[in-house]
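Taking it in order: structure first as structure tokens, then the write-up.
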Protein chains: 2
Amino acid sequence: MTTTRRAYRRESPANRRQDLVDATLTLLAEAGPEAATVRAIAERAGVTQGMIRHHFNGKDALVNAAYQAHMAALSEAIAAQVAAAGPSATARLTAMIRASVTPPVAESTGLSLWAGFLHLVRQSPAMAVTHEASYLAYRDQLQALLVEARQEAGNPLPEEEARALAIASNAVIDGLWLEAGALPEAFSPGEIFSLALASVGTLAGLTLTPS
Amino acid sequence: MTTTRRAYRRESPANRRQDLVDATLTLLAEAGPEAATVRAIAERAGVTQGMIRHHFNGKDALVNAAYQAHMAALSEAIAAQVAAAGPSATARLTAMIRASVTPPVAESTGLSLWAGFLHLVRQSPAMAVTHEASYLAYRDQLQALLVEARQEAGNPLPEEEARALAIASNAVIDGLWLEAGALPEAFSPGEIFSLALASVGTLAGLTLTPS
DNA sequence: GTGGTTGTCATACGATTGTATAGGGGCCAT
DNA sequence: ATGGCCCCTATACAATCGTATGACAACCAC
């Protein structure tokens, strides 16, 4: 009875790390923090559990890396759509809103992921800093686009009102993102986007169309 | 060396169950799902872990009971403030908004709790039903108040617009609740409430004042 | 080819998890 | 005051957790 060792391929550390991060995010989103064990993550990534300590310092480091990768992916997805919207501030604002409430940013798995990370963010100072930074970066970008769009519409936004408008606009976008993620079947396709567009338009005193 | 058994008081099953539910909610909010072990819950409640299986069927049943108790407490807190606001629809709407973005409904612990429950809600059909029901009940109440308040203002709300307005108003309230919970120090006291009031007012075409 | 590097598998370890069970003791009925 | 109910403590249990360690083999340099 000779037990044969399972066949495997050598991968670059970067690829292996990416696989492990992806597996962590998938598992965290689909089955929650309690199911994201080192064994489950390793199996999902197609390797054995020893790899986690080989490529990272331990489970915490892996989860931390996964969080940063996820946040970066979201920011990048939004930035790409904004950049592709052309020079018009109104068009870029519309693109940012659309990107925020449609896949891949807005998915039910994304909400689960966010929830799974929340208590980690709350307890790890390093993750809290990352979280606050990405939230404020998003809001600042939204605020800048609101100011520009109002300028473009010939109705300049007083600076002292900009912060409140950005917070409120961000809130309605986040709230719709949340509701769509929590009850995906309670809304028809595109309904969330048109609601987000109309709501931000009303709050900002702008007429926004789906372009 | 005779080890003495620890002293204890007999409690009614109802009281003990309540203690265990409270301990579960506290632990879940403060330290996350991974820290809410049966031993930690029992210690927090001042009993030994055997009590969880004695008073409930197991950990899952306890967590489920805790979720229902939490949702009921939130609904009740909001309903009480709305009922205390008097007959005016505008005043009741204002009270509902205030209750939704101030303690005890809006606390950073409440957000953690919500996040901790989310993946349970997603996997347990029974909890999913409870969740959807309480969300829709909240939104329906908000929609009814919006319709009444517009009527009261002499500017009736067309029925086909009511649903969209309720969803958007709910979203901005939820979004502000979320942001205040996630970054409690990024907002001054009362700022969230006045933003919520102003935003819903703008969306609904109503002038809402803090009463 | 062939040797060396190191990515990878395999296994073991102590700690902790949720659950199960046996028996002690607080408190009410009488 | 005292017997009995059942609330409660205490302990044991298998399973699983994250971590640590050592041997194997894939692949590159030469």
Side-chain angles (χ1 to χ4, degrees), chain A residues 1-25 27-28 31-67 116-117 119-120 123-124 127, chain B residues 1-24 27-28 31-67 116-117 119-120 123-124:
Chain A
M1 181 63 185
T2 59
T3 61
T4 69
R5 199 185 175 88
R6 91 184 224 188
Y8 65 92
R9 286 202 326 134
R10 282 172 84 101
E11 284 292 345
S12 73
N15 284 353
R16 220 37 121 184
R17 287 172 60 97
Q18 185 64 42
D19 289 345
L20 287 169
V21 162
D22 289 345
T24 303
L25 291 175
L27 223 44
L28 221 40
E34 315 199 331
T37 67
V38 291
R39 286 166 178 81
I41 293 171
E43 185 184 9
R44 191 83 172 207
V47 294
T48 52
Q49 56 176 323
M51 303 311 299
I52 287 179
R53 253 191 70 81
H54 183 74
H55 288 291
F56 296 88
N57 262 343
K59 189 193 177 185
D60 287 350
L62 170 58
V63 173
N64 214 306
Y67 176 66
F117 279 128
H119 82 277
L120 298 176
Q123 285 169 357
S124 157
M127 290 178 76
Chain B
M1 182 61 187
T2 59
T3 60
T4 71
R5 198 184 175 89
R6 91 185 226 187
Y8 66 93
R9 286 201 327 134
R10 280 172 84 98
E11 285 291 345
S12 72
N15 284 353
R16 216 44 115 182
R17 286 172 61 97
Q18 185 63 44
D19 289 345
L20 287 168
V21 162
D22 289 344
T24 304
L27 223 44
L28 221 40
E34 316 198 328
T37 67
V38 291
R39 286 165 180 80
I41 292 171
E43 184 184 9
R44 190 81 171 210
V47 293
T48 52
Q49 55 175 326
M51 303 310 298
I52 286 179
R53 252 190 72 81
H54 184 74
H55 288 292
F56 296 88
N57 262 342
K59 190 193 178 187
D60 286 350
L62 170 58
V63 172
N64 213 307
Y67 176 67
F117 278 128
H119 82 277
L120 298 177
Q123 284 169 356
S124 157

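To find a chain, count down the sequence lines: A is the first, B the second, and so on, and within it residues start at 1. Note that the structure is a prediction, hence the values are computed from the model and not measured.
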Length of the [atom1]-[atom2] vector between [X] and [N], whole Å:
X	N	atom1	atom2	answer
A/I41	D/dT19	CD1	P	11 Å
B/K59	C/dT16	NZ	C1'	12 Å
B/I52	C/dT21	CD1	P	17 Å
B/N15	D/dC8	CG	C1'	15 Å
A/H54	D/dA26	NE2	C1'	13 Å
A/E34	C/dG18	CD	P	8 Å
A/M51	D/dT21	CE	C1'	15 Å
B/E11	D/dC6	CD	P	17 Å

Between [X] and [Y], what is the shortest heavy-atom contact and its length?
X	Y	answer
B/H55	B/P13	CE1-CA, 3.8 Å
B/L27	B/A36	CD2-CA, 4.2 Å
B/A40	B/A35	CB-O, 3.6 Å
A/V21	A/F56	CG2-CZ, 4.1 Å
B/T24	B/A66	CG2-CB, 4.0 Å
A/L28	A/P33	CD1-CA, 3.5 Å

Set out, in order, the CA-CA distance, both residues' side-chain angles and the distance that settles side chain to side chain contact (heavy atoms under 4.5 Å, CB included) for B/L20 and B/R17, then state yes or no. CA-CA 5 Å; B/L20 287 168; B/R17 286 172 61 97; 5.8 Å; no
Would you say A/L120 and A/V63 make side-chain contact, with heavy atoms under 4.5 Å?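 Sidechains of A/V63 and A/L120: in contact.
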May I ask you to verify if any side-chain N or O of A/R16 is less than 4.0 angstrom from the OP1 or OP2 atom of C/dG7?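 Answer no for this pair, as no side-chain N or O of A/R16 is under 4.0 Å from OP1 or OP2.
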Within the pair A/R5 and C/dT8, is there a side-chain N or O less than 4.0 Å away from OP1 or OP2?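 It does not, given that no N or O in the side chain of A/R5 lies less than 4.0 Å from OP1 or OP2 of C/dT8.
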Angle, rounded to 10°, between the helical axes spanning five pairs at each terminus of the helix from C/dG1-D/dC30 to C/dT30-D/dA1?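 Angle reported: 10°, given to the nearest ten degrees.
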Residue pairs fulfilling salt bridge (Lys or Arg N to Asp or Glu O under 4.0 Å) with at least one residue in residues 35-52 of chain B, sequence neighbours excluded: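 Residue pairs with at least one partner in residues 35-52 of chain B: B/E30-B/R44.
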Got a sec, which pairs hit salt bridge (Lys or Arg N to Asp or Glu O under 4.0 Å) with one end in residues 53-65 of chain A, sequence neighbours left out?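 Listed once each, the pairs would be none.
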Checking all strands, does A/T48 fall into the base, sugar-phosphate, or nothing category for heavy-atom contacts under 4.0 angstrom?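 Touches a base.
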For A/R6, salt bridge (Lys or Arg N to Asp or Glu O under 4.0 Å) partners two or more places apart: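 A/R6 satisfies salt bridge (Lys or Arg N to Asp or Glu O under 4.0 Å) with no residue once adjacent residues are dropped.
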Enumerate the protein-to-nucleotides 12-15 of chain C contacts in which both atoms are nitrogen or oxygen and the separation is below 3.5 Å.
none

Whichever of B/A35 and B/R6 has its nearest DNA chain C nucleotide further upstream toward 5':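 That would be B/A35.
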Under 3.5 Å between N/O atoms: give me all the protein pairs with nucleotides 27-30 of chain D, atom names plus distance.
none

